Amino acid sequence: FIFFFFNKIEMGGNLYNTYELWPVLINYGDPYKYIIQAEAYFIISSTLMIWGWISFNGLDFSKNVLGNKKSISDSRLIIIFIFLTIFNNLYLFIDDFNDSIGELEPVLNFSWLIILCLFLYNTNRKYSFFNNIFLPTILVLPFLIPALYSSMKEVILLALVPTLIGLWLLLNTKFKKLLFLGFFVIFFGVLSVYVSASRIIKASDQKISLNEVFKNIDTLLNESDVVYNLVQRILLRKNMMETSARGYYFIEKSEYHPEFGFKNSIPVLIPRILWKNKPKIIPAREFAIITSDAGEDSLDSDTAGFFTSLHMAHGFFFGLICAFLFGVIIAVLQLSAQRTLSPVAKILFLLFLFYYSIRLDESYPLEILPRVIITFIICGFIGLIYDKLLGN
């Protein structure tokens with residue numbers, strides 16, 4: 001109901017409906033029909049995915065990560081952290097390095113952050129301002145500074161994760177933690193405005209500088225009520241109704257897009273360093289092109305939603321089967337991690353899965369499957385170094 005309310009915003013006495021901004025090429029009629037179709041398919045297919053996961057005894061995150069109290073060796077984590085720090089900064093010395101390693105890049109960056117958190121917040125460590133705030137902030141600066149110029153909230157928030165976790169652990173009362181959550185909501189709204197300002201600069205082909213970003217932030221905040229604008233941005237951030245509904249407009253017109261599905265996952269798995277002429281696989285931009293008046297000139301990147309993409313790629317029934325099988329694959333990988341990976345590698349892999357689950361509906365099937373497989377391999381490799389090579 002909140003999402004529906006913010007789809008209808010009263011401005012100047014006129015009812016402003018975001019669906020009226022749909023491209024003219026979409027003769028949508030009643031957009032809420034497509035919303036109902038998209039949400040119904042989401043509920044059915046996500047339930048089938050969870051059923052597939054449960055049927056094959058997927059691991060419980062809280063028991064296997066939050067409940068794991070085994071002491072972790074600081075010295076080994078430091079060595080892995082230094083190794084990942086060097087590898088993640090090779091782009092400074094090798095042209096197109098990040099593009100060449102493809103899906104390895106975000107996995108290695110996130111591994112770096114998790115290893116840092118495991119080191120900083122080991123159960124044996126004393127919590128203090130230095131350990132929880134100052135030290136993590138200093139250590140993430142090489143990650144945070146480029147993130148501020150990325151125009152992506154996700155990258156900026158990930159860079160701040162070690163500091164945010166440290167602050168949360170440092171707060172020793174429920175009241176302080178509640179205040180922290182309130183300030184975080186406000187911070188997320190401010191961050192949304194910051195990213196919007198940086199994207200305006202990017203769209204005009206200017207070089208992003210903090211000075212220019214703050215000028216645009218001032219302009220954005222002067223255009224409407226600040227508090228209302230922040231609340232609206234926060235609530236609409238996770239509202240997938242509109243983009244999913246657009247997908248169902250094309251499904252009704254029998255326009256399917258198999259390239260969004262799992263069949264393209266194999267090319268995504270292959271790093272560009274091994275496949276020099278590998279074509280660009282950018283489903284978010286392709287979806288934006290087919291739903292935009294600008295067509296090929298569109299600069300947007302939109303997500304149709306994971307389950308809507310399954311329907312657009314594989315059809316109604318096979319899309320449901322794929323959702324069930326995806327849940328099975330996750331459970332099988334978790335059980336494989338439990339049986340073959342070291343405790344540190346298993347914790348690392350399950351933390352990745354937890355993060356991917358939060359972002360699942362903003363991903364395309366062809367992206368998420370290779371990402372999970374590559375993550376399993378990378379976590380296994382890190383666990384091998386931690387246990388076998390550094391354990392001797």
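Only this structure's heavy atoms are used, side chains among them; waters, hydrogens and symmetry mates stay out. Only a predicted model underlies this, so the values are computations on that prediction, with no experimental measurement involved.
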Check: Asn172 main-chain N/O paired with Tyr127 side-chain donor or acceptor under 3.5 Å: no

Centroid-centroid under 6.0 Å between Tyr248 and His311 rings: yes

Test of ring centre spacing under 6.0 Å for Phe306 and Phe326: yes

Flag side-chain contact, heavy atom, 4.5 Å: Leu158 against Trp112: no

ILVMFWY cluster membership beyond Met152 - transitive side-chain contacts under 4.5 angstrom: Val155

Approximate separation, where rounding is to 0.5 Å, of Tyr34 OH and Arg246 CZ: 13.0 Å

Non-hydrogen side-chain atoms of Phe42 and Thr308 separated by less than 4.5 Å: no

Nearest heavy-atom neighbours spanning Ala331 and Trp53: CB-O, 3.5 Å

Closest contact, heavy atoms only, Gly166 versus Asn132: O-ND2, 2.8 Å

Nearest heavy-atom neighbours spanning Phe307 and Tyr41: O-CE2, 3.4 Å

Sidechain-backbone polar pair: Tyr364 side chain, Ala304 backbone, donor-acceptor under 3.5 Å: yes

Nearest-0.5 Å distance that lies between atom CZ in Phe183 and atom NZ in Lys176: 13.0 Å

Beyond-backbone contact of Ile321 with Phe318, side-chain heavy atoms, under 4.5 angstrom: yes

Residues clustered with Ile36, ILVMFWY side-chain links under 4.5 angstrom: none

ring-ring contact (aromatic ring centres under 6.0 Å, His included) partners of Phe134, counting only residues at least two apart: Phe130

Rounded distance (nearest 0.5 Å) linking atom CG of Leu113 with atom CG of Leu108: 11.5 Å

Close side-chain approach of Phe324 and Leu320, heavy atoms under 4.5 Å: no

Which atom of Leu139 lies closest to which atom of Leu116, heavy atoms considered: CD1-CD1, 3.5 Å

Smallest separation among heavy atoms of Leu135 and Asn131, with atom names: CB-O, 4.2 Å

Could you pull out all donor-acceptor pairs under 3.5 Å where a side-chain atom in residues 257-264 meets a protein atom, sequence neighbours excluded?
residue: His257; atom: ND1; partner: Glu259; partner atom: OE2; Å: 3.0
residue: Asn264; atom: ND2; partner: Glu259; partner atom: O; Å: 3.1

Close side-chain approach of Val161 to Leu157, heavy-atom, < 4.5 Å: no

Side chain to side chain donor-acceptor pair (under 3.5 Å) contacts touching residues 373-384 (sequence neighbours left out): Tyr356-Thr375

Listed partners of Phe129 passing ring-ring contact (aromatic ring centres under 6.0 Å, His included), at least two apart: none

Ser336 vs Phe376 side-chain heavy atoms within contact, under 4.5 Å: yes

Flag side-chain contact, heavy atom, 4.5 Å: Leu160 against Val140: no

Between CD1 on residue Ile368 and CZ on residue Arg359, distance to nearest 0.5 Å: 9.5 Å

Spatial distance of atom CD1 (Ile330) from atom CD1 (Ile50) [nearest 0.5 Å]: 12.0 Å

Donor-acceptor under 3.5 Å (Lys177 side chain, Leu171 main chain): yes

Heavy-atom pair with the smallest gap, counting every atom of Ser45 and Ala323: O-CB, 3.4 Å

Within the 6.0 Å centroid threshold, strictly below: Phe119 and Phe81: no

Spacing of Leu369 atom CG and Ser363 atom OG [to the nearest 0.5 Å]: 11.5 Å

